[in-house]
Amino acid sequence: MNPARNSVVVGYDGSAGAQAALRWGLDLAARRHAPVRLVHAFESSMYDVRLSGGYDPGLGTTLRAAAEEMLEEAAAGAKASHPDVEVLTKLEAGPAAATLIEESENAQMVVVGTRGTGGFTSLVIGSTTLHVAAHARCTVVAVPVPGEGEPAGSGVVVGVDGSELSEAAIEFAFRAASETGDPLVAVHAWRDPSTTGPGVMVPLVYDPVLVSQEERVVLAESLAGWQEKYPDVRVEAKVVHAHPTRALVEESRGARLLVVGCRGRGELRSLLLGSVSHGVLHHAACPVAVVHVHG
């Protein structure tokens, strides 16, 4: 495999969120025998300070040197904690989101924190993390800062809806669970039938038991082949009558990882418009992997 394509890219800005992302990325890289690329996007214009005598021409150089030192210190710590992982650093001029999206072209995964200094990781609509999750060319993992004294999570949760998107998420989730020895919880959420378009009506009365049984068939069919491929993974299939975002966020409590699928590149309008992926990125209690399907 191409070493660059096999790499794990970690967006790093020195914040607690970035440090959590780095730890997560290093653990994954160690399991997969992959190198880590520690990337910081440097925008000198963000630090322009108007002094009494005008702009200080040396300020950008000073701040760039500080950013280089921050990266080298982070790399040294990473090599000390994970001596078997190759750690590379890259300081890139330009916006954080554009930098990480470009890096995703040659990576198996991009890992970012869910809170940061405003460069890589603030999670508000239009932020870097959401933009990268929408447009990256590989899987993106958003890692929250664990609470003080909070135990490490266990179990991998994956959202399943029978689509091509959830197929990619299922594949990723089974591999992750197999690598860590975690059980896998596959969640299929359904809501009350409703109109499907102008002039199209569904019955006002339906049998929820029958609907639930039908949805269980959808879930079982989605998982069947993967359970055969990963016989070591213990699977719990859950069909719930709830909004998918609510169901997945609830399952994320105490989990190691939550996995959802999405349509990549510019086609991912739903992530910017309040989709399930958008919702779980905002509210999940564990790291979230957004697995891209391109085409």
Side-chain angles (χ1 to χ4, degrees), residues 139 153-264 267-271 273-293 295:
T139 295
S154 63
V156 175
V157 178
V158 61
V160 180
D161 63 8
S163 70
E164 179 190 13
L165 302 184
S166 68
E167 184 76 6
I170 291 168
E171 178 180 10
F172 183 94
F174 265 97
R175 180 180 179 183
S178 180
E179 289 173 345
T180 60
D182 280 299
L184 176 64
V185 179
V187 179
H188 179 68
W190 65 277
R191 289 176 285 178
D192 294 330
S194 60
T195 58
T196 56
V200 180
M201 301 295 293
V202 298
L204 296 178
V205 178
Y206 66 96
D207 185 346
V209 174
L210 180 59
V211 172
S212 182
Q213 290 173 347
E214 292 172 346
E215 301 300 339
R216 288 183 186 281
V217 172
V218 171
L219 180 55
E221 291 177 345
S222 297
L223 298 176
W226 296 110
Q227 287 181 290
E228 294 173 4
K229 185 175 181 178
Y230 292 94
D232 59 313
V233 176
R234 180 166 56 87
V235 180
E236 179 182 1
K238 286 190 175 184
V239 173
V240 295
H241 183 192
H243 189 284
T245 299
R246 183 185 299 274
L248 291 172
V249 168
E250 182 63 30
E251 288 294 333
S252 76
R253 306 186 195 286
R256 181 192 296 271
L257 181 66
L258 170 60
V259 185
V260 292
C262 73
R263 180 71 61 187
E267 299 172 39
L268 183 59
R269 301 182 184 90
S270 62
L271 192 65
L273 297 174
S275 71
V276 172
S277 297
H278 181 281
V280 298
L281 279 169
H282 274 294
H283 301 294
C286 70
V288 175
V290 180
V291 181
H292 286 247
V293 175

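All of these numbers come straight from a predicted model, not from anything done at the bench.
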Nearest 0.5 Å, please: how far is [atom2] in [Y] from [atom1] in [X]?
| X | Y | atom1 | atom2 | answer |
| --- | --- | --- | --- | --- |
| D161 | E215 | CG | CD | 10.0 Å |
| L248 | H283 | CG | NE2 | 12.5 Å |
| E171 | K229 | CD | NZ | 5.5 Å |
| H243 | W190 | NE2 | CH2 | 14.5 Å |

Please find the pair of heavy atoms, one from [X] and one from [Y], that lie closest to each other, and give the distance.
| X | Y | value |
| --- | --- | --- |
| A284 | V249 | N-CG2, 4.2 Å |
| S277 | V260 | OG-CG2, 3.8 Å |
| A169 | G261 | CB-N, 3.6 Å |
| A247 | A189 | CB-CB, 4.1 Å |
| C286 | A255 | CB-O, 3.2 Å |
| V291 | A168 | CG1-O, 3.8 Å |

*Dump the intermediate steps for side chain to side chain contact (heavy atoms under 4.5 Å, CB included) on L257 and V157, then the final yes or no.*
CA-CA 6 Å; L257 181 66; V157 178; over 6 Å; no

Give a yes or no on whether the backbone of [Y] and the side-chain of [X] come within a donor-acceptor separation of less than 3.5 Å.
| X | Y | answer |
| --- | --- | --- |
| S252 | A285 | yes |
| T180 | A176 | yes |
| H188 | V160 | yes |

_Counting C-beta onward and ignoring hydrogens, is there a side-chain heavy-atom pair between V158 and L184 closer than 4.5 Å?_
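The answer is yes, as the side chains (C-beta and beyond) meet within the 4.5 Å cut-off.
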
*Below 4.5 Å, heavy atoms only, C-beta onward: do V280 and L258 meet side chain to side chain?*
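When only atoms from C-beta onward are counted, L258 and V280 do touch, with a gap below 4.5 Å.
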
*Going by distance alone, is a donor N or O of one side chain under 3.5 Å from an acceptor N or O of the other, for E167 and W226?*
yes

*Indicate whether the side chain of S154 and that of D182 have a donor and an acceptor atom separated by less than 3.5 Å.*
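No, no side-chain donor-acceptor contact under 3.5 Å.
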
_side chain to side chain contact (heavy atoms under 4.5 Å, CB included) for S222 and I170? Distances and angles first, verdict last._
CA-CA 8 Å; S222 297; I170 291 168; 3.9 Å; yes

Name every donor-acceptor pair, under 3.5 Å, that has one atom in a side chain of residues 233-240 and the other anywhere in the protein, sequence neighbours excluded.
unit_1: K238; atom_1: NZ; unit_2: E251; atom_2: OE1; d: 3.4
unit_1: K238; atom_1: NZ; unit_2: E251; atom_2: OE2; d: 2.8

*asked:* Set out, in order, the CA-CA distance, both residues' side-chain angles and the distance that settles side chain to side chain contact (heavy atoms under 4.5 Å, CB included) for H292 and C262, then state yes or no.
replied: CA-CA 5 Å; H292 286 247; C262 73; 3.9 Å; yes

*Can a salt bridge be assigned to the pair R175 and E179 using a cut-off of 4.0 Å between side-chain N and carboxylate O?*
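Judged by the 4.0 Å cut-off on N to carboxylate O distance, R175 and E179 do form a salt bridge.
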
